[in-house]
Engineer: 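The structure is given below, and queries will be raised subsequently.
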Amino acid sequence: NKRVKGKQVSRNIIIGSEAWDLPPVGDPKRDSSIPEQHTKRWSIYVRQPEGHPDMRTWLNKVTFKIHPDYSPSLRAYDNPPYEITETGWGGFQVDIRLFFQSVSGEKPQYRNHFLQLEPYGEDAAKEKQKREGFVRSEFLEVVEFNEPMEAFYHALTSE
Ligand code: SLL
């Protein structure tokens, strides 16, 4: 149970959200079980960048704490896709917790993501989002392990 002195290992992840306009109330394409005040379908997710090794080597669980309007508001995922899809009308801050494989001895790390439902950015970008009825907001995050435990270091470096 020794740490590897002087070593740091980092991994990239993408934290993002996507939102689509729902067909208006009365439109036959709208699922009638969706509450009337809901205007968007959205997803929030943690993903590995394309072509990266399997995150499960180091990631054990992802939890999302969403707005208390939703029940349950704490959602946990042990395996990919680490992703929630819901419908609603308003954006909010989402607390994300990353739990690492137990061999790592690492404490969970927190991240935050604002669930952006409305078009944003420069005029041209906004117009495109409006036209398509689709908004995406993604961030590349770095997860750093400083002086990782030996067994964890080996697992990471032999991916
Ligand atoms: C806030 N931005 O942070 C505001 C409101 C709440 C969003 C966000 C309702 C979902 C449902 C919904 O979209 N809530 O009907 O369960 O306080």
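Atoms within a ligand are numbered from 1 in the order they appear, just like the ligands themselves.
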Engineer: Students should be able to answer this: which protein heavy-atom is nearest to atom 16 (O) of ligand 1, and at what distance?
Structural biologist: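 Nearest protein contact, heavy atoms only, for atom 16 (O) of ligand 1 is D69 O, 3.4 Å.
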Engineer: Hey, are S17 and H113 close enough side-chain-wise for a donor-acceptor pair under 3.5 Å?
Structural biologist: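 Indeed, the side chains of H113 and S17 share at least one donor-acceptor pair under 3.5 Å.
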Engineer: List the closest protein heavy-atom neighbour of atom 13 (O) of ligand 1: residue, atom name, distance to the nearest 0.1 Å.
Structural biologist: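 Answer, as residue, atom name and distance: W89 N, 2.9 Å.
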Engineer: Ring-plane angle category for F92 and Y70, please: parallel below 30°, perpendicular beyond 60°, tilted otherwise.
Structural biologist: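 Taking Y70 first and then F92, their aromatic rings sit tilted (interplane angle of 30° to 60°).
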Engineer: Is K128 salt-bridged to E132, going by a charged N under 4.0 Å from an acidic O?
Structural biologist: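 Judged by the 4.0 Å cut-off on N to carboxylate O distance, K128 and E132 do form a salt bridge.
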Engineer: Of the protein's non-hydrogen atoms, which lies at the shortest distance from atom 17 (O) of ligand 1, and what is that distance?
Structural biologist: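 I find the closest protein heavy atom is H67 NE2, 3.4 Å.
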Engineer: With a 4.5 Å cut-off on side-chain heavy-atom distances among I, L, V, M, F, W and Y, is there a chain of contacts connecting Y45 to I15?
Structural biologist: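 As far as the 4.5 Å side-chain criterion goes, I15 and Y45 are not connected within one cluster.
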Engineer: Using 30° and 60° as the class limits, which term best fits the ring planes of W20 and F134: parallel, tilted or perpendicular?
Structural biologist: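 Ring orientation of W20 relative to F134: tilted.
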Engineer: Does ligand 1 have any atom sitting under 4.0 Å from a heavy atom of K40?
Structural biologist: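 The answer is no, since K40 has no heavy atom less than 4.0 Å from ligand 1.
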Engineer: Is any N or O atom of T87, backbone or side chain, closer than 3.5 Å to an N or O atom of ligand 1?
Structural biologist: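 So ligand 1 has no N or O lying under 3.5 Å from an N or O of T87.
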Engineer: For the ring pair F64 and Y82, is the centre-to-centre distance below 6.0 Å?
Structural biologist: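 That pair fails the under 6.0 Å test.
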Engineer: Within the 4.0 Å heavy-atom shell around H38, which atoms of ligand 1 are there?
Structural biologist: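 Within the 4.0 Å cut-off of H38, ligand 1 contributes 10 (C), 11 (C), 15 (O).
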Engineer: Which atoms from ligand 1 have a heavy atom of G88 less than 4.0 Å away?
Structural biologist: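 Going through ligand 1 atom by atom, the ones under 4.0 Å from G88 are 13 (O).
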Engineer: Can you report which non-hydrogen protein atom sits closest to atom 7 (C) of ligand 1, along with the distance?
Structural biologist: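 For atom 7 (C) of ligand 1, the nearest protein heavy atom is G90 O, 3.5 Å.
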Engineer: Any idea which part of E86 is under 4.0 Å from ligand 1, heavy-atom wise: side chain, backbone, both or neither?
Structural biologist: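 Answer for E86: neither.
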Engineer: Check whether any N or O atom of G91, backbone or side chain, sits under 3.5 Å from an N or O atom of ligand 1, and answer yes or no.
Structural biologist: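 Yes, at least one N or O pair falls under 3.5 Å.
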Engineer: Would you check, one step at a time, whether the test side-chain hydrogen bond (donor to acceptor under 3.5 Å, both in side chains) holds for R131 with Q129?
Structural biologist: CA-CA 6 Å; R131 209 164 51 239; Q129 294 162 35; over 6 Å; no
